[in-house]
Amino acid sequence: MQGDDLRHRGVLERIARRAMLDRGLAPEFTPAAIAELAAIHGAAQPAGSARDLRDMAWCSIDNDDSRDLDQLSVGEEFPGGAARILVAVADVGSLVPQASAIDGHASQNTTSVYTAGGNFPMLPERLSTDLTSLGFAADRPAFVIDMTFAPDGGLTASDVYRAVVRNKAKLAYNSVAAWLDGKGPQPQALGAVGGLGDNIRLQSRVAASLRARRHKRGALSLQTLQSRAVFDGDILKDLRPDESNVAKNLIEELMVASNGVTARFLAARKLPSVRRVVRAPEKWPKIVEFVEARGGSLPDQPDAAALERFLMEAQARDPAGFHDLSLSVIKLIGRGEYMIELPGQQVPGHFGLAVADYAHSTAPNRRFPDLLIQRLLASALDGGKPTYRTDELAALARHCTEQEHMAKKVERQLSKSAGAMLLSGRNGQVFDGIVTGLTDGATWIRIYSPPVEGRLMRAGHGLKVGDRVRARLVLTDIERGYIDFSAS
């Protein structure tokens, strides 16, 4: 292959499918799952107890091209600055019965896999992008997390119940962020719904209060650089950074709050739950050493608030290098995991988010733990017993942790394969970059344009994470996602 053939989307799709199979993930649905899907003739009907909330100004905010819409939100302002925020989560379980063939595929992969070679959904697209998606103007059953906040962001009341909702505006992160920041026009879909602009501003104000409260408790301001593949038709043209913004922060804060309410709702009803846990770092001494090498200091025992103060200072000193510093800290903190929490017990919280109660529950079209939580919520609301045994839940929690790790490996490999594609044929060129990691004698760098990571061969001694380098491209291997540089 050469030229455009070398950069064709189909090459990356083939690599993605092989990478998934190599890691125990299924890129295709089974014939039994496809047959089940064919027998579904429409969206789920709401339960008899569901409230009719279709008249509220619900909207979704997601990526421009997202169709698997898991949640909607709406706000209501009270006198004195208090506010009520409602988050509706798609009722996926109504169309995906436990132990069905579709559920079997979801429980094998446990997550949708998003790669430069295409997306591999956890659920069939006819469900995740249509019948179980909270799409524009569609009446859909949902679980609603209803929260009331004081002016300072403190939670004063909450509830979880079933409802029927209707998405009044499908909005996108970047255009909403530009509008909120005063850098762009009001999105047309937002302006078409009377009062929705004020509602979004209210949600943003509440989210900012929630974010400030978490960061006072030690939530970490970590920002890693995620790149998005850009195609012209089926030909890869670029990798572009996918930056954080105020609209993404809005949704993140509402989801963190909703996940906390869901976890406590189940605990109050003496039901088990699957929690998302990030433990206090076992490698804290290495984090202390890392911070001291950069002129900071930390106490001897894990202290999220102290680490957050260092991160804020580091970002102010060197904004350009903060993504890579963040990545180093994330690696030292360690990976998250799913754990079962039984009634009367308490598992560790989420160190990075500075929350004690956290259960992934707001993305059941994309993540299996969220579908598990939804089934537990259904048991709580219906007054029944959980449909999973304790040992089943514990095994599923471990499996979700393992498969999430495998999915991330696939996504990283495809990002590197896409980078190798873009750099193919450019051996000998010199690029500016930054050191991103030092592992087992290997030095890793990220060049700025395109934003891809590779290995620096025969690197000189004394380099550390954050150092700027000039490097010459010496090798690209699209199939394996290898990119090698030499010091220039």
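Just so it is clear, the model here is predicted, and its values are computed rather than measured.
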Side chains of [X] and [Y] in contact at under 4.5 Å (non-hydrogen atoms):
X    : Y    : value
E13  : H8   : no
L53  : V74  : no
E337 : R279 : yes
Y482 : K416 : no
R455 : F485 : no
M339 : V274 : no
L37  : R126 : yes
V87  : V144 : no

For the residue pair [X] and [Y], confirm or rule out a side-chain donor-acceptor distance under 3.5 Å.
X    : Y    : value
R23  : Q413 : yes
N259 : T262 : no
S73  : Q71  : no
S133 : D68  : no
S244 : N249 : yes
S221 : E308 : yes
H360 : Y338 : yes

Under 3.5 Å, is there a donor-acceptor pair between the side chain of [X] and the main chain of [Y]?
X    : Y    : answer
D370 : A363 : yes
Q374 : V92  : yes
R317 : M312 : no
D467 : L463 : no
E36  : I102 : yes
T110 : A106 : no
S112 : P121 : no

Next item on the list: Flag yes if more than 12 heavy atoms outside R201 fall under 6.0 Å of its CZ atom; otherwise flag no.
Entry: yes

Checklist line | R375, CZ atom: more than 12 neighbouring heavy atoms under 6.0 Å | finding: yes

Check: Between S417 and E479, which heavy-atom pair has the shortest distance, and what is it?
Finding: OG-O, 4.1 Å

Next item on the list: Could you pull out the closest heavy-atom pair between A420 and I483, with the gap in Å?
Entry: N-CD1, 3.6 Å

For residues 184-199, run the donor-acceptor check on the side chains, cut-off 3.5 Å, and write out each pair with its distance to 0.1 Å, sequence neighbours left out.
unit_1 : atom_1 : unit_2 : atom_2 : d
N199   : OD1    : G75    : N      : 2.9
N199   : OD1    : Q203   : NE2    : 2.9
N199   : ND2    : G75    : O      : 2.8

Notebook entry, point to check: When you look at D238 and R240, which way does the salt bridge (charged side-chain N to carboxylate O under 4.0 Å, His left out) test go after all the steps?
Noted result: CA-CA 6 Å; D238 199 3; R240 293 179 187 165; 3.5 Å; yes

Margin query: Between R140 and D70, does any side-chain N to carboxylate O distance fall below 4.0 Å?
Written below: no

Note to self: What I want to find out is whether E404 reaches R367 closely enough, with some N-O distance under 4.0 Å, to be called a salt bridge.
What the structure shows: no

Notebook entry, point to check: To the nearest 0.5 Å, how far apart are NZ in K168 and CZ in R54?
Noted result: 10.0 Å

Check: Distance under 6.0 Å and angle within 45° of the ring axis: does R294 meet both against F290?
Finding: yes

Checklist line | K409 and D22: CA distance, side-chain angles, deciding distance, salt bridge (charged side-chain N to carboxylate O under 4.0 Å, His left out) verdict | finding: CA-CA 11 Å; K409 283 189 171 183; D22 288 346; over 6 Å; no

